[in-house]
Amino acid sequence: MNIRTGAVGALAAGVAVMTLLAGQAHAAPVLPTGGWNGDPDTGLGTAVFGHIGSNCALDKGSITAPSSGDRGKIWRYHKPVDSDRCENKGIKVKDDATDKAVSYDFTPKAGQANKYYLGWESRLSSTVDNHAIFQWKSYPEGLQNWPVVLKVVDGKLTLIHRTTATPVPVTLWQKDILPNDWNHIVLGLELSGDAGSGTIELWINGTKQTFSNGSTVWQARTWDTGNQPKWGLYGATAHEVNHDMDKLRVSTDYNDVKQQP
């Protein structure tokens with residue numbers, strides 16, 4: 001046997017093993033079993049979110065976790081008059097490789113589940129028009145900026161999809177809501193940069209909603225660039241508004257986020 005050839009082969013094999021182990025050690029963090037739990041009762045505070053918008057503090061807004069009777073703690077996004085927003089961006093999950101919390105990457109991956117269900121309960125102190133109570137926001141802006149948004153228009157909770165063609169914003173669904181009423185929301189998103197492969201679904205208070213096209217599933221381009229969920233309140237600058245939220249969940253299984261009896 002050629003000693004030099006054997007040594008080179010052994011070295012190559014060693015490098016391959018080390019590369020494999022490094023890849024395994026740095027595998028992308030995944031959602032925990034049962035999905036992400038963003039409830040304030042976890043005791044983790046706002047550390048469950050990827051980032052808190054600086055506007056909350058700069059404009060004297062706040063994200064707090066007051067107690068609310070039998071619910072325990074809830075999230076309260078307070079947007080004062082003359083402030084245009086108070087929101088959070090993204091969610092954090094545990095990275096087993098470092099044992100630290102990191103922002104979750106929603107980038108669609110081949111061979112993995114790319115359909116997500118985002119569930120939460122929402123209560124607004126005012127139903128004045130706003131720009132958003134939830135955004136599926138692009139980072140950077142990309143072609144769509146926000147492929148999906150939930151907002152209040154004329155006292156109606158309104159789901160809008162932003163396309164890459166005319167008409168750019170398309171209203172998919174609306175429902176009358178009242179100030180200080182709780183509503184349970186589940187948004188289902190099959191993530192794809194192809195308008196023929198992505199889908200949008202919506203459940204309100206446990207009932208799947210029918211969209212303006214008569215279907216319960218809307219085909220759409222749902223992945224733009226680096227999309228992350230943003231909860232809170234954007235717009236209604238001339239008004240003081242509290243957006244209360246509870247039972248925030250994100251999972252690839254609808255049963256993890258659906259309204260509980």
Side-chain angles (χ1 to χ4, degrees), residues 24 27-44 47-50 71-75 88-97 99-122 133-137 146-150 157 159 161 172-173 175 182-194 196-211 215-224 226-231 245-261:
Q24 291 174 342
V30 298
L31 292 177
T33 301
W36 171 80
N37 182 353
D39 199 273
D41 283 315
T42 61
L44 298 174
V48 296
F49 302 121
R71 287 181 174 273
K73 291 183 177 179
I74 62 172
W75 289 119
N88 74 271
K89 163 193 168 185
I91 64 174
K92 282 189 175 178
V93 297
K94 182 182 177 182
D95 182 352
D96 290 332
D99 201 33
K100 295 180 179 179
V102 297
S103 292
Y104 182 74
D105 182 4
F106 286 89
T107 303
K109 301 171 183 68
Q112 295 187 18
N114 293 311
K115 186 168 187 175
Y116 292 90
Y117 297 93
L118 299 90
W120 70 99
E121 294 198 352
S122 170
I133 65 167
F134 170 86
Q135 299 183 68
W136 181 240
K137 186 74 169 65
W146 44 262
V148 180
V149 71
L150 272 167
L157 186 59
L159 180 66
H161 166 55
L172 310 189
W173 168 93
K175 172 184 168 56
W182 284 102
N183 287 285
H184 188 273
I185 300 167
V186 175
L187 184 64
L189 297 174
E190 177 81 33
L191 301 183
S192 176
D194 179 358
S197 301
T199 61
I200 303 169
E201 297 170 274
L202 180 68
W203 289 258
I204 298 293
N205 298 325
T207 300
K208 195 170 189 181
Q209 301 298 296
T210 300
F211 296 131
S215 173
T216 58
V217 180
W218 190 285
Q219 281 196 317
R221 185 179 190 266
T222 51
W223 182 259
D224 193 20
N227 288 96
Q228 293 283 338
K230 288 187 80 173
W231 286 281
M245 287 189 289
D246 195 16
K247 301 177 182 176
L248 276 74
R249 304 287 189 274
V250 177
S251 180
T252 55
D253 185 343
Y254 171 76
N255 291 313
D256 291 334
V257 309
K258 69 181 182 181
Q259 186 178 34
Q260 300 299 322

*Name all residues meeting the side chain to side chain contact (heavy atoms under 4.5 Å, CB included) criterion together with Ser197; count only those two or more places apart in sequence or in a different chain, and write none if there are none.*
Ser192, Asp194
_Is there a side-chain contact between Leu118 and Val186 in this structure, where contact means two heavy atoms from C-beta onward sitting under 4.5 Å apart?_
no
_With sequence neighbours excluded, residues passing ring-ring contact (aromatic ring centres under 6.0 Å, His included) with Phe211_ = none
_Distance (rounded to the nearest 0.5 Å) between Leu31 CG and Asn37 CG_ = 12.0 Å
*asked:* Once salt bridge (charged side-chain N to carboxylate O under 4.0 Å, His left out) is applied, what residue pairs with a partner in residues 104-121 remain, sequence neighbours excluded?
replied: Arg71-Glu121, Lys115-Glu201, Glu121-Lys247
*Sub-4.5 Å side-chain heavy-atom contact between Trp223 and Pro147*: no
*asked:* For the CH2 atom of Trp173 and the CD atom of Gln209, what is their distance to the nearest 0.5 Å?
replied: 5.5 Å
*Not counting sequence neighbours, which residues clear side-chain hydrogen bond (donor to acceptor under 3.5 Å, both in side chains) with Asn227? List them please.*
Ser138
*Does a side-chain heavy-atom distance below 4.5 Å link Val148 with Trp218?*
no
*asked:* List the residues meeting side-chain hydrogen bond (donor to acceptor under 3.5 Å, both in side chains) with Ser251, not counting sequence neighbours, and say none if there are none.
replied: Asp256
*Partners of Lys137 by salt bridge (charged side-chain N to carboxylate O under 4.0 Å, His left out), sequence neighbours excluded?*
none
*Compare every heavy atom of Trp203 with every heavy atom of Gly188, then report the nearest pair and how far apart it is.*
N-CZ3, 4.2 Å
*Which residues satisfy the side chain to side chain contact (heavy atoms under 4.5 Å, CB included) test with Asn255, sequence neighbours excluded?*
Asp253, Lys258
*Could you grab the distance from atom CG of Asn183 to atom CG of Leu150, nearest 0.5 Å is fine?*
11.0 Å
*Residues two or more places apart in sequence or in another chain: which of them pass side chain to side chain contact (heavy atoms under 4.5 Å, CB included) with Gln228?*
Lys89, Phe106, Tyr139
_salt bridge (charged side-chain N to carboxylate O under 4.0 Å, His left out) partners of Arg249, counting only residues at least two apart_ = none
*Interatomic spacing from CG in Leu248 to CD1 in Ile74 - rounded to 0.5 Å*: 11.5 Å
_Listed partners of Trp182 passing side-chain hydrogen bond (donor to acceptor under 3.5 Å, both in side chains), at least two apart_ = none
_Between Asn205 and His184 (side chain of the first, backbone of the second, donor and acceptor by atom type, cut-off under 3.5 Å), is there such a pair?_
yes
*Heavy-atom check, side chain of Thr222 versus side chain of Thr199, under 4.5 Å*: no
*Check whether any side-chain N or O of Gln135 sits under 3.5 Å from a backbone N or O of Val149 as a donor-acceptor pair, and report yes or no.*
no
*Hey, what do you get for CD (Gln259) to CH2 (Trp120), rounding to the nearest 0.5 Å?*
13.5 Å
_Show the nearest heavy-atom pair for residues Asn114 and Pro108, with the distance to one decimal._
OD1-CA, 3.2 Å
_Partners meeting side chain to side chain contact (heavy atoms under 4.5 Å, CB included) with Pro40 (sequence neighbours left out)_ = Ala65, Lys73, Trp75
*Taking atom NZ of Lys208 as the centre, does the number of heavy atoms from other residues, nucleotides or ligands within less than 6.0 Å exceed 12?*
yes
*Hey, mind stepping through Val48 and Ile91 against side chain to side chain contact (heavy atoms under 4.5 Å, CB included) and telling me if it holds?*
CA-CA 6 Å; Val48 296; Ile91 64 174; over 6 Å; no
*Return the set of residues passing ring-ring contact (aromatic ring centres under 6.0 Å, His included) with Trp36 (not counting sequence neighbours), or none when no residue passes.*
Trp231
*For Lys92 and Ala47, work out which heavy atoms get closest and say how close.*
CD-O, 3.4 Å
*Give, for atom OG of Ser215 and atom CG of Leu172, the distance between the pair rounded to the nearest 0.5 Å.*
10.5 Å
_Pairwise side-chain contact, Tyr116 with Val257, heavy-atom cut-off 4.5 Å (strictly under)_ = no
_Do Ile133 and Ser122 have side chains that approach each other closer than 4.5 Å (heavy atoms only, starting at C-beta)?_
yes
